[in-house]
Amino acid sequence: MLAGLLVLLILMPALAVAACEPNGQDAYKVRLSIKTALGKNAYEWNESELFLFRATLAFAMRRYLNKENFNVSSVIVCKETPRVSFWFVITDPGNTSKLIPRTDVEHAVRMSRNRINSAFLLTDKTLQFIGIPPTMAVPLEPATQPWLIVFGVIISLVMVAILALIIHGAIQKRRRGKAISDEEEEKEEEEKQGQITENGIHCEVTDGKEGVHNRGFHQEDERLTQL
């Protein structure tokens, strides 16, 4: 019986590795574009980087399922390529022959996507989990509601328009008052020019006027006799 148990313990990891195959039911493919993302600062992908990847996935599973029994050994990697792509599955720590369902793996990856990307200095576009949509950033809610901004702009425009009308009316009123004053001054000048000053006394010019007749100096032909 002890021998059978030992055989089972040896076969269980082998079964998990056998379950890691392309397009498997609970397998995911990962593609990394390190040179595209970092250019001259690109690092070499090696066993240490792969260990870090497995560790970050173990962390993601612990965080999502709130279980501390996930380890690096729970993440099985297979079908690596030189262009840095591979497949992986995650085994149940309590039963290594059982794989964690795809849905749980997807939720765990999406929950810790920023932490995984940061570990490799990559983004959703350069660290791709094929079949898992990129994590969308949570939209920032503005401190001020948009309708309040629009309302404030409209009120400001109305206030500016009212102020412009008041200033325009004041300018027009001042111009009209100045025009009236100029007309009155012109009239006074004309009246002054229509008078003649003699010995310091203003005399009205009677040219073109009928004048006043003094009948004491008026001679009537019928009353005078010819001498």
Side-chain angles (χ1 to χ4, degrees), residues 1-39 41-141:
M1 182 176 179
L2 182 59
L5 182 61
L6 291 174
V7 171
L8 182 61
L9 291 175
I10 294 172
L11 290 177
M12 287 176 65
L15 292 174
V17 173
C20 180
E21 59 181 9
N23 300 315
Q25 181 179 357
D26 297 312
Y28 276 107
K29 183 178 181 179
V30 177
R31 184 184 296 120
L32 294 88
S33 303
I34 302 173
K35 292 184 178 180
T36 302
L38 303 178
N41 297 322
Y43 51 84
E44 182 182 358
W45 184 261
N46 50 35
E47 290 298 324
S48 297
E49 299 294 337
L50 183 59
F51 179 86
L52 178 60
F53 176 81
R54 296 169 65 190
T56 55
L57 283 188
F59 161 78
M61 295 305 302
R62 286 188 177 195
R63 184 183 180 194
Y64 174 69
L65 295 178
N66 198 20
K67 294 180 179 180
E68 297 182 358
N69 52 355
F70 281 95
N71 296 304
V72 176
S73 59
S74 302
V75 182
I76 309 299
V77 176
C78 60
K79 302 298 180 181
E80 290 188 71
T81 64
R83 299 183 63 180
V84 194
S85 67
F86 50 84
W87 291 78
F88 76 91
V89 293
I90 299 179
T91 60
D92 189 342
N95 183 3
T96 56
S97 63
K98 180 182 178 181
L99 300 181
I100 300 297
R102 285 175 59 93
T103 54
D104 290 340
V105 175
E106 177 179 349
H107 291 317
V109 170
R110 289 176 63 85
M111 184 178 182
S112 301
R113 188 62 181 269
N114 292 334
R115 302 288 294 275
I116 298 172
N117 291 345
S118 300
F120 298 97
L121 306 178
L122 301 176
T123 64
D124 288 355
K125 293 183 179 180
T126 52
L127 175 53
Q128 296 175 309
F129 289 82
I130 308 303
I132 300 179
T135 303
M136 301 299 293
V138 179
L140 297 177
E141 296 184 359

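Worth knowing before you read on, the calculation uses all heavy atoms, side chains too, and leaves out hydrogens, waters and symmetry mates.
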| Closest non-hydrogen atom pair between Glu44 and Glu49, with its separation | O-CG, 3.6 Å

| said: Which heavy atom of Glu80 sits nearest to which heavy atom of Leu50, and what is that distance? | reply: OE2-CD2, 3.4 Å

| note | The single option from Val75, Leu99, Ile90 that satisfies side-chain contact (heavy atoms from CB on, under 4.5 Å) with Val105 is Ile90

| query | Under 3.5 Å, is there a donor-acceptor pair between the side chain of Arg31 and the main chain of Val84? | reply | no

| query | Any side-chain heavy atom of Asp124 sitting closer than 4.5 Å to one from Asn117? | reply | yes

| What's the shortest heavy-atom distance between Val30 and Phe53, and which atoms? | CG2-CZ, 3.7 Å

| request: With the side chain counted from C-beta on, respond yes when Phe129 and Leu127 share a heavy-atom pair under 4.5 Å apart, and no when they do not. | output: yes

| said: Would you say that Phe120 contacts Leu52 through its side chain, given a criterion of any heavy-atom pair below 4.5 Å between the two side chains? | reply: yes

| query | Just wondering, do Tyr28 and Val109 contact through their side chains at under 4.5 Å, heavy atoms? | reply | no

| task | To the nearest 0.5 angstrom, please state how far the CG atom of Leu122 sits from the CG atom of Leu38. | result | 6.0 Å

| request: Report yes if the side chains of Lys29 and Ser85 come closer than 4.5 Å at any heavy-atom pair, otherwise no. | output: yes

| said: With rounding to the nearest 0.5 angstrom, report the CD1 to CZ distance, Ile34 to Arg83. | reply: 13.0 Å

| task | Enter the distance from Asp104:CG to Asp92:CG here, rounded to the nearest 0.5 Å. | result | 10.0 Å

| query | Would you say the side chain of Tyr64 lies within less than 4.5 Å of the side chain of Phe70, judging by non-hydrogen atoms? | reply | no

| request: Taking all heavy atoms of Arg63 and all of Arg115, pick out the closest pair and write down the distance. | output: NH1-CG, 4.3 Å

| message | Quick check: do Leu32 and Phe86 have side-chain heavy atoms less than 4.5 Å from each other? | response | yes

| CZ of Phe51: more than 12 outside heavy atoms within 6.0 angstrom? | no

| query | Would you say Asn71's side chain and Ser73's backbone share a donor-acceptor pair under 3.5 angstrom? | reply | no

| task | Give, for atom CD1 of Ile116 and atom CZ of Arg110, the distance between the pair rounded to the nearest 0.5 Å. | result | 12.0 Å

| note | dist Ile100:CD1 -> Leu65:CG (nearest 0.5 Å) comes out at 6.5 Å

| query | Looking only at heavy atoms, what is the nearest atom pair of Phe59 and Ser112, with distance? | reply | CE2-OG, 4.0 Å

| Minimum heavy-atom distance Lys35-Ala42, with the two atoms named | CA-CB, 3.8 Å

| remark: Rounded to the nearest 0.5 angstrom, the CG-CZ distance for Leu57 and Phe88 is 5.0 Å

| query | Around Asn46, counting heavy atoms of other residues, nucleotides and ligands shown, do more than 12 lie under 6.0 Å from its CG? | reply | yes

